[in-house]
Amino acid sequence: MQDMEVDFFELVKRVDTDKMGDFISYDPEKCNGCGMCALVCSFNLWAVKQGKAKLAVRYQELCLECAACWEVCEPGAIDFSYPAGGTGVVIEYG
Ligand code: SF4
Ligand code: SF4
């Protein structure tokens with residue numbers, strides 16, 4: 001079987017990332033470092049270092065808006081709101 005390389009930037013396109021505000025916010029005071037956000041994020045946008053989660057600086061470019069990180073964060077350290085219409089993710093098929 002041949003190895004396949006997937007270019008995530010080719011799969012996910014955004015209308016204009018410069019016009020987007022933050023749609024994920026994070027409160028390090030509430031974070032217990034459990035790592036669940038990093039575990040569920042399919043694009044590896046979360047990492048846990050020294051007991052605290054960190055979100056990729058330009059997460060808007062790749063985030064799928066699945067809200068899984070928000071869903072699994074039991075202490076409520078992550079807040080998520082869907083981006084305004086027209087600024088969100090577009091998945092291209094084919
Ligand atoms: S899921 Fe929440 S509490 Fe756990 S590491 Fe991520 S931000 Fe912190
Ligand atoms: S919303 Fe989904 S893709 Fe975006 S950072 Fe959270 S888990 Fe990752």
Side-chain angles (χ1 to χ4, degrees):
M1 195 166 141
Q2 244 183 339
D3 285 343
M4 268 183 58
E5 283 208 13
V6 177
D7 184 342
F8 291 126
F9 282 96
E10 285 302 312
L11 291 177
V12 179
K13 300 252 193 268
R14 292 210 171 260
V15 177
D16 187 349
T17 48
D18 290 338
K19 285 188 186 154
M20 296 178 79
D22 273 326
F23 57 92
I24 296 178
S25 62
Y26 163 69
D27 181 353
E29 293 292 318
K30 293 182 183 170
C31 176
N32 64 15
C34 70
M36 289 299 287
C37 51
L39 190 71
V40 298
C41 182
S42 21
F43 272 25
N44 290 328
L45 298 176
W46 290 94
V48 179
K49 287 183 184 145
Q50 295 171 333
K52 293 290 176 187
K54 215 170 175 342
L55 180 60
V57 177
R58 293 184 65 85
Y59 71 90
Q60 292 101 327
E61 291 177 6
L62 284 173
C63 175
L64 290 173
E65 299 154 25
C66 67
C69 52
W70 167 76
E71 185 73 39
V72 297
C73 182
E74 286 196 3
I78 296 172
D79 200 11
F80 176 92
S81 55
Y82 288 100
T87 58
V89 69
V90 175
I91 308 290
E92 296 190 335
Y93 295 98

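Residue numbers start at 1 and run along the sequence shown.
- Residues Val48 and Gly35 approach most closely at CG2-CA, 3.6 Å, considering heavy atoms.
- Cluster annotation: Val40 is not connected to Phe80 through the hydrophobic network of ILVMFWY side chains, with a link wherever side-chain heavy atoms come within less than 4.5 Å.
- With sequence neighbours left out, the ring pair (Phe, Tyr, Trp, His ring centres under 6.0 Å) criterion links Trp46 to Tyr26.
- Asp22 meets the side chain to side chain donor-acceptor pair (under 3.5 Å) test with Tyr59, Gln60; sequence neighbours excluded.
- Using a distance-only test at 3.5 Å, with no hydrogens or angles considered, no donor-acceptor pair links the side chain of Lys30 to the main chain of Pro75.
- Annotation: side-chain contact (heavy atoms from CB on, under 4.5 Å) contacts of Lys54 (sequence neighbours excluded): none.
- Listed by chain and number, the hydrophobic cluster partners of Val57 come to none, as no ILVMFWY side chain reaches under 4.5 Å of it.
- When all heavy atoms of Tyr82 and Glu65 are compared, the pair lying nearest together is CE2-O, 3.4 Å.
- For the side-chain contact (heavy atoms from CB on, under 4.5 Å) test, residues two or more places apart in sequence or in another chain that qualify with Cys34 are Asn32, Met36.
- Closest heavy-atom contact between Asp79 and Trp70: CA-CD1, 4.0 Å.
- Residues Glu29 and Lys52 approach most closely at O-NZ, 4.3 Å, considering heavy atoms.
- Not counting sequence neighbours, Ala47 has no partner by the side-chain contact (heavy atoms from CB on, under 4.5 Å) test.
- Residue Ile78 comes nearest to Cys37 through the heavy atom pair CD1-CB, 3.8 Å, listed as atom of the first residue, atom of the second, then distance.
- Tested against Cys41 for a side-chain contact (heavy atoms from CB on, under 4.5 Å), the candidates Leu45, Asn44, Leu39 yield a single pass: Leu45.
- In the hydrophobic cluster analysis, where Ile, Leu, Val, Met, Phe, Trp and Tyr join through side-chain heavy atoms closer than 4.5 angstrom, Phe43 is grouped together with Phe23.
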